[in-house]
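Order of listing sets the numbers, starting from 1, for every ligand and every atom in it.
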Amino acid sequence: MPTPEVLIFGAGAVGAFYGSRLAVAGAPVSAVCRSNYAAVKESGFSITSPQFGSYDWRPTRVFSSAADAVAAGVHWSFIVVTTKALPDVSDDSALLEGLVGPGTAIVLVQNGLGVEEPYRQRFPHAAILSAVTVISAAQPSPGHIAHNRWTRINIGPFLPDLESADDKEEESHAATSQAREFAQLLVSGGVTDASAYSHRKLQQVRWHKIAINASFNPSSVLSNGTSNRAMAEDAEMSEHVRGVMEEVLTTAPKVLGAPFPAEFASAETILNSTRKNVSGSRPSMWADWEAGRPMEVEAILGNPIRLARAKGLEMPRMQTLYALIKMAQANRDQLRKSQSRL
Ligand SMILES: NC(=O)c1ccc[n+]([C@@H]2O[C@H](COP(=O)([O-])OP(=O)(O)OC[C@H]3O[C@@H](n4cnc5c(N)ncnc54)[C@H](OP(=O)(O)O)[C@@H]3O)[C@@H](O)[C@H]2O)c1
């Protein structure tokens, strides 16, 4: 089999970390950068990790934009999308026009729900792979990636049309073997907890992660930067966070038509492990809020609410958080705009 060419689209914290591990596995890995383009073109990435130590990674090719990558004329086996999921800001699927060839798999490593749909609609013949990662990583300065902890990533084919079909149809689908190939590449690169899941299980993982992200992330912003641990330790905040998580965890099985696997953590287990969190870290939504950047509000709150509503289900706690955080963001942006005019 020829070595798969991999393109990381949006090489920030997550993209550069997993890209560097795919490169360790022996794949030629190229990167589309934006604000970090000059630094990465000049010196590549330097990565620090408690697990892998300090190392440098120079992508095979560094592009300043998707259009720049199109001009290179490479056939990509995997295009790994690791931009923030901001459907209210930009439809990033449009930027992949000209990059997706026969047999290309688009791998979406993004938080939230509904992130696959724009890619499926634009590229109906491409394999869409959906991936959920549990990792803590950041890019404190251009080209410097701090991997803090965890590496777990699950990858599954996105095959909503086969939801009620025979399992054999999913098993024989090209996207299923591409998901396995991608997971295997990561394992070869040292990410030993990378694994391939079925379409259904991957969507269950996405919903389960929403329980965590949709409860802690906006609550941190709306309470002026509370850490996850402090939220889990405070009597009222933990009741609030638990309520949101339980709302998501009881609604998701109804939307997906199947109960969560028994091994998925309950709200109580998540709260208990957050109380043991020594780092006192805050969710990345807080960092985006503070920096004046758009937050992943639609992917993390709006889309789950809409998917539930499409099945006649309301999530009032989620709806409250969504309304408040969305308006807070609009007010912040309005204030910044008027201040910049002064
Ligand atoms: N970081 C974590 O620990 C973590 C953990 C779990 C899940 N996630 C999820 O993983 C996804 C990626 O997060 P992240 O933390 O890696 O974000 P990030 O560090 O902000 O990386 C995103 C990168 O994409 C670039 N980008 C955006 N639009 C682009 C475009 N049109 N062309 C080229 N580059 C573009 C950004 O460039 P600019 O710098 O110019 O904006 C940035 O370098 C998100 O959905 C996040 O929720 C992150």
Ligand 1 versus T83: contacting region, heavy-atom distance under 4.0 Å: both

Pull out every atom of ligand 1 sitting under 4.0 Å from any heavy atom of G12, numbered as shown with elements. 19 (O), 21 (O), 23 (C), 43 (O)

What are the atoms of ligand 1, with element, lying closer than 4.0 Å to any heavy atom of L95? 31 (N)

Among all protein heavy atoms in this structure, tell me which lies nearest to atom 11 (C) of ligand 1, with the distance rounded to 0.1 Å. V109 O, 3.7 Å

Could you check whether any side-chain N or O of S198 sits under 3.5 Å from a backbone N or O of K201, counting only pairs where one atom can act as donor and the other as acceptor? yes

Of all protein heavy atoms, the one nearest atom 16 (O) of ligand 1 is V14 N, 2.9 Å

Could you tell me which atoms of ligand 1, counted from 1 in the order shown, lie closer than 4.0 angstrom to a heavy atom of K209? 6 (C), 7 (C)

Within less than 4.0 angstrom of ligand 1, does A66 place any heavy atom? no

Quick check against the 3.5 Å criterion: does R229 have a side-chain atom that pairs as donor or acceptor with the backbone of N277? yes

Separation between CG of D288 and CG of L86, rounded to the nearest 0.5 Å: 8.0 Å

Identify the closest protein heavy atom to atom 19 (O) of ligand 1: which residue and atom is it, and at what distance? A13 N, 3.0 Å

Just by distance, do the side chain of Q110 and the backbone of T83 share a donor-acceptor pair under 3.5 Å? yes

Yes or no: does R152 have any heavy atom under 4.0 Å from an atom of ligand 1? no

For the side-chain contact (heavy atoms from CB on, under 4.5 Å) test, which of V29, V24, L22 pairs with W57? V29

Shortest protein heavy-atom distance from atom 24 (O) of ligand 1, along with the residue and atom involved: G10 CA, 3.2 Å

Considering only heavy atoms, does H147 approach ligand 1 within less than 4.0 Å through its side chain, its backbone, both, or neither? neither

Is there a donor-acceptor pair under 3.5 Å between the side chain of S172 and the backbone N or O of E169? yes

Short list, please: which atoms of ligand 1 are under 4.0 Å from a heavy atom of T82? 12 (C), 21 (O), 22 (C)

Is S136 close enough to touch ligand 1? Criterion: a residue heavy atom under 4.0 Å from a ligand atom. yes

Close-contact set for ligand 1 against T133 heavy atoms, below 4.0 Å: 6 (C), 7 (C)

Any idea which protein heavy atom is nearest atom 41 (O) of ligand 1, and the distance to it? R34 NH2, 3.1 Å

Could you tell me whether F9 and ligand 1 have an N or O pair separated by under 3.5 Å? no

Among all protein heavy atoms, pick the one closest to atom 39 (O) of ligand 1 and tell me residue, atom and distance. S35 OG, 2.5 Å

When you compare ligand 1 with E296, is there at least one nitrogen or oxygen pair between them that comes in under 3.5 angstrom? yes

A137: heavy atom below 4.0 Å from ligand 1, yes or no? yes

Distance in Å, T133 OG1 paired with D193 CG, rounded so as to fall on 0.5 Å steps: 8.5 Å

Please check if atom CD in Q339 has more than 12 non-hydrogen atoms from other residues, nucleotides or ligands closer than 6.0 Å. yes

Could you tell me whether N331 atom CG has more than 12 heavy atoms of other residues or ligands within 6.0 Å of it? yes

Taking I153 as the fixed residue, which of V14, V132, V109 is the one that meets the side-chain contact (heavy atoms from CB on, under 4.5 Å) rule? V109

Give me the nearest non-hydrogen protein atom to atom 17 (O) of ligand 1 as residue plus atom name, then the distance to 0.1 Å. K84 CE, 3.5 Å

Derivation of the side-chain contact (heavy atoms from CB on, under 4.5 Å) call for R306 and N303: CA-CA 5 Å; R306 285 184 282 274; N303 285 348; 3.0 Å; yes

Looking only at protein heavy atoms, which one is nearest to atom 8 (N) of ligand 1, and what is the separation? N111 ND2, 3.7 Å

Are more than 12 heavy atoms, taken from residues, nucleotides or ligands other than R275, located less than 6.0 Å from that residue's CZ atom? yes

So does V241 get a backbone contact from the side chain of R317, meaning a donor-acceptor N/O pair under 3.5 Å? no

Atoms of ligand 1 less than 4.0 Å from Q110 heavy atoms? 45 (O)

